[in-house]
*Asks:* 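Pasting in a structure now, in structure tokens, and then I'll have a few things to ask.
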Amino acid sequence: MINFSEYIRNIPDFPVKGIQFKDITTLLKEGDVFAAAVDQMYGPYKEEEINKIVGIESRGFIFGAAMAYKLNAGFIPVRKPGKLPAETLSEEYQLEYGTDSLEVHLDGIEAGDRVLVIDDLLATGGTAQATCTLVEKLGGQIVGLSFLIELTSLKGREKLSKYRVHSLIQYEI
Ligand code: AMP
């Protein structure tokens with residue numbers, strides 16, 4: 001059994017003072033560890049007939065694309081404003097100070113799609129909830145969400161309580 005947390009590097013005060021950044025590049029660079037993480041992140045959803053993986057910019061793209069290949073599913077990027085070239089749907093969400101928003105292509109999700117949402121890390125859950133809202137507004141069904149890391153004290157799982165949520169590493173900070 002791989003202890004994934006051994007491969008996560010903590011960077012204090014990045015990108016701003018007071019944030020302990022979880023750096024996953026130290027996991028990604030180890031081929032067998034990266035592969036095992038991908039396998040365990042989508043494992044619980046293997047039999048769920050997922051046809052779309054929605055990856056959240058930017059580290060969700062790394063894990064999500066690998067899973068889409070494994071599941072023979074389509075990959076749909078959810079991006080920060082102004083990055084996607086075609087017509088988009090946009091969803092605002094709360095940050096500690098102010099708001100941010102995320103976008104998806106209108107033709108990225110079709111009614112009835114069975115969707116797995118992927119990101120590297122679950123903190124407050126605002127990013128993931130906005131992503132689920134985008135998918136649902138386009139008629140997709142959220143089968144579940146999967147994260148490499150969960151910061152449990154920020155209670156993202158409570159915000160996402162109507163969905164199935166998996167994470168491989170939990171930190172109580
Ligand atoms: P939240 O919306 O609060 O759940 O934040 C999740 C998003 O912010 C994810 O896309 C993460 O990549 C990023 N994020 C939040 N906190 C951290 C952290 N401590 N280390 C690395 N990434 C983080």
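Since the model is a prediction, treat every value here as computed from it, not as a measurement. Remember, it's 1-based here, ligands and their atoms both numbered in the order they're listed. Residue numbers start at 1 and run along the sequence shown.
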*Asks:* Gln20 versus ligand 1: do any nitrogen or oxygen atoms come within less than 3.5 Å of each other?
*Replies:* yes
*Asks:* Check for a donor-acceptor pair, side chain of His105 on one end and backbone N or O of Thr88 on the other, with a separation under 3.5 Å.
*Replies:* no
*Asks:* Decide, yes or no, whether a salt bridge links Asp100 with Lys80 under the criterion of side-chain N to carboxylate O below 4.0 Å.
*Replies:* no
*Asks:* Please work out, at 4.0 Å between heavy atoms, whether the side chain, the backbone, both, or neither of Arg59 comes within that distance of ligand 1.
*Replies:* side chain
*Asks:* Taking a cutoff of less than 4.0 Å between a non-hydrogen atom of the residue and any ligand atom, is Ala128 in contact with ligand 1?
*Replies:* no
*Asks:* Name the closest protein heavy atom to atom 4 (O) of ligand 1, giving the residue it belongs to and the distance to 0.1 Å.
*Replies:* Gly125 N, 2.7 Å
*Asks:* If you measure from atom 10 (O) of ligand 1 to every heavy atom of Leu160, Asp23, Asp119, which option wins on shortest distance?
*Replies:* Asp119
*Asks:* Around atom 20 (N) of ligand 1, find the nearest protein heavy atom and jot down its residue, atom name and distance.
*Replies:* Lys22 N, 2.9 Å
*Asks:* Please state which option from Phe21, Phe147, Tyr171 has its nearest heavy atom closest to atom 21 (C) of ligand 1.
*Replies:* Phe21
*Asks:* Is a donor on one side and an acceptor on the other found under 3.5 Å between the side chain of Thr26 and the backbone of Tyr7?
*Replies:* yes
*Asks:* For atom 23 (C) of ligand 1, what's the nearest protein heavy-atom neighbour? Residue, atom name and distance, please.
*Replies:* Leu121 CD2, 3.7 Å
*Asks:* Are more than 12 heavy atoms, taken from residues, nucleotides or ligands other than Asn72, located less than 6.0 Å from that residue's CG atom?
*Replies:* no
*Asks:* Check whether any protein heavy atom sits under 4.0 Å from atom 2 (O) of ligand 1.
*Replies:* yes
*Asks:* Considering only heavy atoms, does Thr124 approach ligand 1 within less than 4.0 Å through its side chain, its backbone, both, or neither?
*Replies:* both
*Asks:* Starting from atom 8 (O) of ligand 1, which protein heavy atom do you reach first, and at what distance in Å?
*Replies:* Thr127 OG1, 4.7 Å
*Asks:* Touching ligand 1 at all, Asp120? Heavy atoms, strictly under 4.0 Å?
*Replies:* yes
*Asks:* Just checking Tyr69: does its OH atom have more than 12 heavy atoms from other residues, nucleotides or ligands closer to it than 6.0 angstrom?
*Replies:* no
*Asks:* Taking the side chain from Arg157 and the backbone from Val165, do they hold a donor-acceptor pair closer than 3.5 Å?
*Replies:* yes
*Asks:* Tell me if a side-chain donor or acceptor on Lys83 pairs with a main-chain N or O of Glu103 at a distance below 3.5 Å.
*Replies:* no
*Asks:* Can a donor-acceptor pair be found, under 3.5 Å and without considering hydrogens, that links the side chain of Arg114 to the backbone of Glu48?
*Replies:* yes
